[in-house]
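Remarks on the structure that follows.
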Amino acid sequence: MNNRIEKRIKLKAPVSRVWRALTDHREFGEWFRVKLDGPFVAGQVSRGQMTYPGYEHVKWHAIVQKMEPERLFSFTWHHSLDPNADISKEPTTLVEFKLEKIEAGTLLTLSESGFENLPENLRLEAFRRNDGGWTEQMKNIENYVAQTS
Amino acid sequence: MSHKHRSRIATRRQLRAPIFAALGDETRLSLVTKLSGGQPYSISQLTRGSKLTRQAITKHLRVLERAGIVHSARRGRESRFEFDPEPMAGIKEYLDFVSQQWDQALSRLKALVEN
């Protein structure tokens with residue numbers, strides 16, 4: 001099985017603009033939906049709090065791996081949703097952003113790998129998101145129970 | 001869609017029906033939430049802080065156990081319950097979920113840099 005995600009996206013913006021949106025911690029936070037405590041520094045931990053709706057209780061904890069200007073930005077991060085977990089000890093996946101200049105602007109390649117390292121309980125979250133969503137299922141059950149009792 | 005594929009989906013749906021039924025209860029849902037952290041808990045630990053009796057909690061745990069959502073292992077004098085995510089979703093579903101999250105994030109990034 002291929003435990004890896006890879007996406008390519010063409011952006012109508014110069015490489016320098018995309019690089020800033022990826023590596024300026026405020027700009028990154030805007031589209032990734034996280035409030036970061038400080039700038040990204042290669043080899044250092046990046047901390048913050050998710051702002052993604054429904055995940056505001058989740059801490060952001062990543063280790064910046066590589067920052068090769070306008071070429072490569074990468075970090076490892078954990079996927080734990082447990083606010084009490086010791087996130088510095090949680091297993092991580094590797095996220096890489098590769099930038100390439102093209103005529104139209106920038107070709108951005110995102111990859112995330114290492115999913116086989118993650119604990120199984122995370123899959124509950126995927127289950128919630130599938131099959132039309134958790135809330136929807138709960139409603140179905142509620143209706144079903146109301147009808148049959 | 002091949003016949004094999006279709007029957008696999010049907011089987012999966014059948015397998016999930018008892019799971020949904022088992023989770024259609026607030027107490028059981030809160031037990032699963034607690035156990036999904038990955039730590040095994042004894043019945044006493046799960047009863048602590050709950051308004052329900054030990055017997056009631058045990059009954060709920062047995063329902064979850066029959067649906068395959070949790071399993072128990074004896075440790076000394078007590079049974080400890082552990083979350084079993086296997087019947088719920090495989091790694092494929094998790095990858096699909098993360099993949100969707102990236103699609104959304106990248107489209108926000110696109111909107112930001114192209115404006």
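Chain identifiers are assigned alphabetically (A, B, ...) following the order of the sequence lines, protein sequences preceding nucleic acid strands; residue numbering begins at 1 within each chain.
In terms of heavy-atom pairs under 4.5 Å with chain B, the best-connected choice from A:Arg17, A:Lys10, A:Glu27 is A:Arg17. Contact count versus chain B (heavy atoms, under 4.5 Å) is highest, among A:Arg20, A:Arg33, A:Glu6, for A:Arg33.
At least one side-chain heavy atom of A:Lys7 sits less than 4.5 Å from a side-chain heavy atom of B:Ser99.
The contact between A:Leu11 and chain B is made by backbone and side chain atoms together, counting heavy-atom distances below 4.5 Å.
Linking Ile, Leu, Val, Met, Phe, Trp and Tyr residues whenever their side-chain heavy atoms come within less than 4.5 Å places A:Tyr52 and A:Trp31 in a single cluster. A:Trp60 is connected to A:Met67 through a chain of hydrophobic side-chain contacts under 4.5 Å among Ile, Leu, Val, Met, Phe, Trp and Tyr, so both are in one cluster. Following chains of ILVMFWY side-chain contacts shorter than 4.5 Å, one can reach B:Leu61 starting from B:Leu52, so the two form part of one hydrophobic cluster. The hydrophobic cluster containing A:Trp19 does not contain A:Ile102, counting ILVMFWY residues as joined when their side-chain heavy atoms lie under 4.5 angstrom apart, directly or transitively. A:Phe40 is connected to A:Val18 through a chain of hydrophobic side-chain contacts under 4.5 Å among Ile, Leu, Val, Met, Phe, Trp and Tyr, so both are in one cluster.
Within residues 102-115 of chain B, the residues having any heavy atom closer than 4.5 Å to a heavy atom of chain A are B:Trp102, B:Asp103, B:Gln104, B:Ala105, B:Leu106, B:Arg108, B:Leu109, B:Lys110, B:Leu112, B:Val113, B:Glu114, listed by residue number.
For NZ of A:Lys98, the number of neighbouring non-hydrogen atoms (other residues, nucleotides, ligands) closer than 6.0 Å is 12 at most. Annotation: A:Arg8, atom CZ; neighbour count of heavy atoms from other residues, nucleotides and ligands within 6.0 Å does not exceed 12.
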